[in-house]
Colleague: 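Dropping a structure here in structure tokens format, bear with me for questions.
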Amino acid sequence: MAAGDSVEPEHRYSASLAGSVEAKWQDLWEERGTFAADNPVGDLAGPLAEHRPYFVMDMFPYPSGKGLHVGHPLGYIATDTVARYHRMKGDNVLYTMGFDAFGLPAEQYAVQTGQHPRITTEQNIANMRRQLRALGLSHDLRRSFATTDDDYVRWTQWIFLQIFNSWYDPEAPNAEGGTGRARPIAELEEQFASGARPTPDARPWADLDAAEREGVLGGYRLAYISEAPVNWCPGLGTVLANEEVTSEGRSERGDFPVFKQKLRQWMMRITAYGDRLTHDLERIDWPDKVRSMQAHWIGESHGATVVFRVPGVTPFSIDEGVASAPSATSEAALEVFTTRPDTLFGATFMVVSPEHPLLGAEGADARGLSVPASWPEGTREAWTGGFATPGEAVADYRGRAAARTEEERTAEAGEKTGVFTGLFGTNPVNGERVPIFVADYVLMGYGTGAIMAVPAHDDRDFAFAKRFDLDVVTTITPEEGFDSEAAAWTGDGVLVNSSNEEINLDGLDKASAVAAMTRWLEERHLGHATTTYRLRDWLFSRQRYWGEPFPVVYDEEGVVHALPADMLPVTLPEVDDFSPRTFEPEDADSTPEAPLGRATDWLEVDLDLGDGLRTYHRDTNTMPNWAGSCWYEIRYIDPHDDQALADPVNEAYWMGPRTAGATGGVDLYVGGVEHAVLHLLYARFWQKILFDLGFVSTSEPFHRLFNQGYIQAFAYRDDRGTYVPAEEVQGDEARGFTWQGEHVTREYGKMGKSLKNIVTPDAMSATYGADTLRVYEMSMGPLDVSRPWDTRAVVGSQRFLQRLWRNVVDEETGELTVVDTPADQDTRRLLARTIDEVTTEYEHMRINTAIARLIVLNNHLTGLDAVPREVIEALVLMTSPVAPHIAEELWQRLGHTASLAREPFPVVTDPSLLVDDTVTAIVQVNGKVKARLEVPTDISEEDLREQALATDAIIRVLEGREPLKVIVRAPRLVNVVPSRG
């Protein structure tokens, strides 16, 4: 051996030793079923069900072919830490993970390679399970599943049928003391059959044939078929939900153009639950940001529906048809919704959407429209658009509007377009003729598809009025000095110019005037109070192969029939081509052709559904990938029950309200804020239906929601703008960065293969050990804040664990070094404070500061001549939630034969040890106060430095960088000098 060479001690906590310890304990945990949670009844029943339940979940992951990078496990490690802590607190913890396995990526891979999506999905799941196991996550694997499993598909389809066979009765009392709930459709059918509820055309129910009856019931069902405007994406070959379309009118996946088309699609009547989805946000423990995002998306508005009579037009129904040709003696009722009925005296024009039935059938030429043959008296030149007749003007405008996306139509920027229809409405409060325009910024899917315009008090209406030479009538007094000729007054004020022989609003404030006008309208049957929602019904059809088939069939008349439960699941057929037909991205005239349409043997099926053997046809669409994630928390509870989603006893035990008046649901749900609207809103909607129908015990699926931040990373470009491997870059902020001797520029953002900055947990575990990776990710900063990855900083977490190991094990001999003699008083005080503080930090998911407290105690023990057993055992137990493998190994070496997984978490037995002289330490950055700490008067400089650097304020300032200098004057001052960024 050469002089100066050193040999690593045989029993040092190295990456190699960590790897063997971790593999050992992962095998033992699985062999012993250490993390099994017991149900009160059924095949998973056991004695732990006598304990308090605690249900913690991560958001369903999609099994990507790329596997995990170090950013993905951030939330998983956090939930595992919480789960392990709660087991030690005596709780029966349900913690598992399944896979949201339907979706477009596997289908697209199948299109490219010909490999069945199920094979790809199962391979990806196997790889992801391996990675999750290697992290030491304490999942109850008996409860794991994928949404693609036939048994799970069966119950997803069963839920769909419950929704299909239900309607929403807004007058029915619900189980939470309010009104409005889902009821079986059979009860509605009984009302029609008995005459208690008249049919839409007043014919007896017995006189309607099967197709007519289903047409009536379809208008009430919570899952229904509608020929409605949808977002058609030719480039993907499928339709998209509104939430899957960007603000630029393009698909989130692939960035293809999206066009509006009318197609026959499955819809979910989520709008029926708009009020409960909004109001119940106040009852759940979610971040304010997410609740605000959902409330905004639902968009509850209170106001009034107002009826304007339209002479010369036959009556029409928005739901059932269009107006027919004009007649001098006919008159239609045009309804508008307004949040400001008090401004009716200022309504000087109206606007309808291009699709509104008042104008006639979509696609009709100038002669087929329900508008006058010539411009009526009073038409101003600016209204006509240069056309000779209303028919020509409206037909041309409709054609141009059809080529624009919804986002383009509603964008605030840009000049407002429109044209006069030749029709006038009658303002119900003053009898004035009000010209009716067609404009594309009004959408048929929102409200009634028509608005009244008050240009004096709405910016958009004002711009439109100026553009088209329309009258402006002030009804709200603006502040002194405001120029009403130049802009709309949109603030509050008292009412003016707002009276007729029956009502006088002049001098009233907004609230009083709104109430008075609404009462007046209702008394005269000219309108009524209304609540509307921006939310629209959920488009539930996809023209894809890799999704759940719909559990329905259609007869020769096209009437839909629900399959009985004993025919579930309906599984996907084998096909040679998995792709929907795609088109040129700009081909707006194309129509969907689903891949299941080619499975002719599967599509046609002979069944006896009660009327004898008949031939039926299956649906060629599949459900969206959101379907499986709408209810998976329920199946975690009872994954093998073949009689129900979950046994009611088990469901109530895990999901029922913990306290009187609470909503119940999962105790802790962790995931990204990007799911604030889609997944979380849909899951709440399904949960409420199942609650109304009596299948679950709570109306909310997730009681507490926590949004973790993200781990981001630095990427580096050379002078040509090409990304270079991040791990090969050298340098720092002061000297600059180089790659292979060439200058590179650093940027900060997400991890990605194209950015050449991906770091995998596999690589980190091989280099440092999984426990080191876990400690590093949890100590990077507050869990809800994004943070930069720095591989060079991981070694600090490794050193903490190495010191912990040395405090128990002699690195040279492997012998135990702890002593049974009592700890000194200072050590006992520090232990008590650490137990108290770490307990508080774990309870509030401040895992980074819990680790900082553990480091302080660990460092203190390192400086002792001998480590007392009473202290090190408590430290090992407190460390175990975040670093479970090393903790289990040390616990065993300390002489314990059972796992520490359910060992009681340490408690302070002598409260007097918590009484200590303390001072307030000031934490500064460049001399400016950023935080204050209560610390013992005898705190060491090293410990004060550790605590200061662990504060949220300093973590935010440093953004993952090492400080240039830290000046410590214990116990009262720490001044941090950041390095230059």
Side-chain angles (χ1 to χ4, degrees), residues 170 200-201 219 226 228-229 269 271-272 274-275 299-324 326-327 330-362 369-371 394 418 420-454 458 460-461 503 514-515 517-537:
D201 62 3
S226 172
R269 207 179 301 275
T271 51
D275 60 338
E300 183 178 78
S301 296
H302 300 280
T305 296
V306 184
V307 178
F308 286 71
R309 311 306 301 184
V310 184
V313 178
T314 56
F316 62 89
S317 166
I318 289 177
D319 296 323
E320 298 177 21
V322 300
S324 56
S327 165
S330 58
E331 183 179 68
L334 180 58
E335 291 187 343
V336 302
F337 171 78
T338 176
T339 59
R340 296 297 304 269
D342 56 314
T343 62
L344 260 169
F345 285 94
T348 59
F349 64 98
M350 302 177 73
V351 183
V352 297
S353 74
E355 301 83 11
H356 201 286
L358 174 73
L359 305 178
E362 289 185 59
L369 294 172
S370 303
V371 297
V394 171
F420 180 42
T421 64
L423 299 171
F424 287 90
T426 302
N427 190 323
V429 297
N430 56 20
E432 296 287 338
R433 288 204 317 166
V434 179
I436 301 173
F437 280 70
V438 56
D440 62 7
Y441 71 84
V442 177
L443 303 176
M444 196 62 222
Y446 288 101
T448 64
I451 66 166
M452 69 176 209
V454 184
D458 181 274
R460 186 170 55 183
D461 294 347
I503 185 171
V514 167
M517 178 56 78
T518 302
R519 285 194 303 271
W520 186 85
L521 290 169
E522 289 178 333
E523 289 167 358
R524 286 152 185 78
H525 305 290
L526 297 172
H528 54 84
T530 305
T531 300
T532 65
Y533 301 92
R534 183 183 298 108
L535 177 71
R536 288 185 283 178
D537 283 347

Colleague: Is a donor on one side and an acceptor on the other found under 3.5 Å between the side chain of Asn427 and the backbone of Phe345?
Modeller: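 Side chain of Asn427 to backbone of Phe345: no pair is present.
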
Colleague: If you look only at pairs with a residue in residues 435-452, which of them pass as a salt bridge (charged side-chain N to carboxylate O under 4.0 Å, His left out), with sequence neighbours excluded?
Modeller: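 Applying salt bridge (charged side-chain N to carboxylate O under 4.0 Å, His left out) to every pair that reaches into residues 435-452, excluding sequence neighbours, yields Arg404-Asp440.
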
Colleague: Look only at the side chain of Thr421 and the backbone of Ile436, and say whether a donor-acceptor pair between them is shorter than 3.5 Å.
Modeller: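 Side chain of Thr421 to backbone of Ile436, a donor-acceptor pair under 3.5 Å: yes, one is there.
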
Colleague: So does Thr530 get a backbone contact from the side chain of Thr532, meaning a donor-acceptor N/O pair under 3.5 Å?
Modeller: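 Judged by distance alone, no pair lies under 3.5 Å.
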
Colleague: With distance as the sole test, does Asp458 use its side chain to make a donor-acceptor pair with the main-chain N or O of Ala453 at under 3.5 Å?
Modeller: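 No; zero donor-acceptor contacts below 3.5 Å.
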
Colleague: So, the side chain of Thr343 versus the backbone of Arg340: is there a donor-acceptor pair under 3.5 Å, distance only?
Modeller: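 Yes.
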
Colleague: Out of Ile451, Val336, Leu358, which one pairs with Val352 under the side-chain contact (heavy atoms from CB on, under 4.5 Å) rule?
Modeller: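 Single side-chain contact (heavy atoms from CB on, under 4.5 Å) partner of Val352 among Ile451, Val336, Leu358: Leu358.
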
Colleague: Work out which heavy atom in Pro435 is nearest to a heavy atom in Thr348; give both atom names and the distance.
Modeller: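 Looking at all heavy atoms of both residues, the shortest contact is CD-O, 3.3 Å.
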
Colleague: Once the angle between the rings of Phe420 and Phe437 is folded into 0 to 90°, is it parallel (under 30°), tilted (30 to 60°) or perpendicular (over 60°)?
Modeller: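 It falls in the tilted class, 30° to 60°.
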
Colleague: Heavy-atom distance under 4.5 Å between the side chains of Met444 and Pro357, does that happen here?
Modeller: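 Side chain of Met444 against side chain of Pro357, heavy atoms only: contact under 4.5 Å found.
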
Colleague: Output yes when a side-chain donor or acceptor of Thr448 lies under 3.5 Å from a complementary backbone atom of Glu335, and no otherwise.
Modeller: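 The answer is yes, because a donor-acceptor pair under 3.5 Å joins these two groups.
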
Colleague: Mind checking ring-ring contact (aromatic ring centres under 6.0 Å, His included) for Tyr441 and listing every partner two or more places apart, or none if nothing turns up?
Modeller: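 Tyr441: ring-ring contact (aromatic ring centres under 6.0 Å, His included) contacts with Phe464.
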
